[in-house]
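These notes concern the structure reproduced below.
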Amino acid sequence: MNNGTVMLFNAIVLLVLGLISYFNSDVKSGTALIAPIVGLVLLFLSFPVKKENRTAAHIGVVLTFLVAGALVVPVIRTGSPYALAMCVMSFVCFFYYIMNFVKRKKEREAAGN
């Protein structure tokens, strides 16, 4: 599975769960839409990432890390299962990206020797 597919899956999770969480909430706060907006950006970035666009991949990794970190506070404060699922999914995807980057670097170094 490549990074583009993982990014697409994470984008869909952020979009769907973020919108469900927003509409199920009694208080309609604009900050609750941050995760779905990041999900939308990741959705658009996933297609260039599938075509091995490094710039899009790095932007996607940074956004994934930022949204995962930002979701820690709502998880602690409210205990929302939607926020927890989005946070865990984003951290898992971030870990996958990093492991994939390390693997690719080792492969390039092995091919260069």
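What's counted below: heavy atoms across the whole structure, side chains too, no hydrogens, waters or symmetry copies.
Distance check, rounded to the nearest 0.5 Å: CZ of Phe101 to NE2 of His58 gives 5.0 Å. Note: Leu14 CG to Ile34 CD1 = 12.0 Å, rounded to the nearest 0.5 Å. Here the straight-line distance linking atom SG of Cys93 with atom CG of Asn3 works out to 9.5 Å at 0.5 Å rounding. In this structure, CG in Leu43 is found 11.0 Å from CG in Asn10, a value given to the nearest 0.5 Å. Atom OG1 of residue Thr64 and atom OH of residue Tyr97 lie 4.0 Å apart, to the nearest 0.5 angstrom. If you take CE on Met7 and CD1 on Ile12, they are separated by 13.0 Å, rounding to the nearest 0.5 Å.
Applying the under-4.5 Å side-chain rule to Ile, Leu, Val, Met, Phe, Trp and Tyr, the cluster around Val62 extends to Leu66. Other cluster members for Met99: Phe95, joined by side-chain heavy-atom distances under 4.5 Å among Ile, Leu, Val, Met, Phe, Trp and Tyr.
Taking the side chain as every heavy atom from C-beta outward, Phe44 and Leu40 approach each other to under 4.5 Å.
Between Ala68 and Ser90, the closest heavy-atom pair is CB-CB, 3.5 Å. Of all the heavy atoms in Ser21 and Ser80, the pair that sits closest is OG-OG, 4.4 Å.
Crowding of Phe65 atom CZ: a count of heavy atoms from other residues, nucleotides or ligands under 6.0 Å not exceeding 12. Heavy atoms from other residues, nucleotides or ligands lying under 6.0 Å from CZ of Phe9 number 12 at most.
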In sequence, state the C-alpha distance, the side-chain angles, and the governing distance for Leu63 and Val67, and then conclude on side-chain contact (heavy atoms from CB on, under 4.5 Å). CA-CA 6 Å; Leu63 281 176; Val67 78; over 6 Å; no
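No continuous path of hydrophobic side-chain contacts links Leu19 to Val75 [ILVMFWY only; heavy atoms under 4.5 Å]. Grouping the Ile, Leu, Val, Met, Phe, Trp and Tyr side chains by contacts below 4.5 angstrom, directly or via other members, places Val72 with Val38. Transitive grouping of hydrophobic side chains (ILVMFWY, heavy atoms separated by less than 4.5 Å) keeps Val88 and Val13 in distinct clusters. By the criterion of side-chain heavy atoms lying less than 4.5 angstrom apart, applied directly or through intervening Ile, Leu, Val, Met, Phe, Trp or Tyr residues, Leu84 is not grouped with Tyr22; the two fall into different hydrophobic clusters. Residues Leu17 and Val73 do not share a hydrophobic cluster, defined by chaining ILVMFWY side chains whose heavy atoms lie under 4.5 Å apart.
Electrostatic pairing of Arg104 and Glu109 does not count as a salt bridge here, judged by no charged N lying under 4.0 Å from a carboxylate O.
Using modelled atom types and a 3.5 Å distance limit, the side chains of Thr5 and Asn2 yield a donor-acceptor pair.
Tested against Leu45 for a side chain to side chain contact (heavy atoms under 4.5 Å, CB included), the candidates Leu8, Thr55, Ile59 yield a single pass: Ile59.
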